[in-house]
Amino acid sequence: QVQLVESGGGLVQAGGSLRLSCAASGLTFTNYAMGWFRQAPGKEREFVATINWNGGSTYYEDSVKGRFAISRDNAKKTVSMQMNSLKPEDTAVYYCAGARTFMLPTGPALYDYWGQGTQVTVSS
């Protein structure tokens, strides 16, 4: 049974930082690209960042480039995302997801497994 469990969300002031983590189990982690998505109230789930199987390639949504950094530890089967210079518009539930591919998928439909999400709230 595949499980992705996110942690690290919370409430932070604008300009602050948070680090999200996602622990994976039940899958061959190195067969999967890992991604982070977010969903704000009343909006569709949107792509944030993705990292390939060995951590050698990453891709970001434009609004988070230079502020967020995705990384992975294959030995620990974890993927993390450091979020700096947070803005109120970053407020959302953040989801970790895994896609069985060696590419860098950005569409939610391309991902096979999802975590339950962790809330990030940025106050102004």
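Computed from a prediction, not measured in an experiment: that's the story for all the values here. We use all heavy atoms of the structure for the numbers below, so side chains are in, but hydrogens, waters and symmetry mates are not.
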Inset, instruction - Evaluate side-chain contact (heavy atoms from CB on, under 4.5 Å) for Gln119 paired with Thr91, printing each intermediate quantity in order. - result: CA-CA 8 Å; Gln119 177 70 47; Thr91 295; 4.1 Å; yes
Legend entry - Main-chain N/O of Ala14 paired with Asp90 side-chain donor or acceptor, under 3.5 Å: no
Inset, instruction - Rounded to the nearest 0.5 Å, what's the gap from CE on Met103 to CG on Leu110? Could you check? - result: 9.5 Å
Legend entry - Rounded distance [0.5 Å steps], CH2 in Trp53 versus CZ in Arg100: 13.5 Å
Legend entry - Pairs involving residues 71-80, ordered by first then second residue, that meet salt bridge (charged side-chain N to carboxylate O under 4.0 Å, His left out) (sequence neighbours left out): none
Inset, instruction - Provide the closest heavy-atom pair for Glu46 versus Arg38 in the form atom of the first, atom of the second, distance. - result: OE2-NE, 2.6 Å
Inset, instruction - Could you list who else is in Val79's hydrophobic cluster, with ILVMFWY side chains joined at under 4.5 Å, directly or through other members? - result: Val2, Leu4, Val12, Leu18, Leu20, Leu27, Phe29, Tyr32, Met34, Trp36, Val48, Ile51, Tyr60, Val64, Phe68, Ile70, Met81, Met83, Leu86, Tyr94, Tyr113, Val120, Val122
Legend entry - Partners passing side chain to side chain contact (heavy atoms under 4.5 Å, CB included) against Trp114 (at least two apart in sequence or in another chain): Phe37, Arg45, Tyr95, Ala97, Pro108, Tyr111
Legend entry - Heavy-atom side-chain contact between Pro105 and Thr50 under 4.5 Å: yes
Legend entry - Expected output: side-chain Gln13 to main-chain Ser123 donor-acceptor under 3.5 Å: no
Inset, instruction - Give every residue pair that meets the salt bridge (charged side-chain N to carboxylate O under 4.0 Å, His left out) criterion with at least one member in residues 9-27, sequence neighbours excluded. - result: none
Inset, instruction - Just jot down the side chain to side chain donor-acceptor pair (under 3.5 Å) partners of Glu89, sequence neighbours excluded, or say none. - result: none
Inset, instruction - Give a yes or no on whether Gln116 atom CD has more than 12 heavy-atom contacts from other residues, nucleotides or ligands under 6.0 Å away. - result: no
Inset, instruction - Could you note down all residue pairs passing disulfide (SG to SG under 2.5 Å) where residues 5-55 supplies at least one of them, sequence neighbours left out? - result: Cys22-Cys96
Inset, instruction - Grab the two heavy atoms, one from Phe102 and one from Thr30, that are nearest each other, plus how far apart they are. - result: CE2-O, 3.9 Å
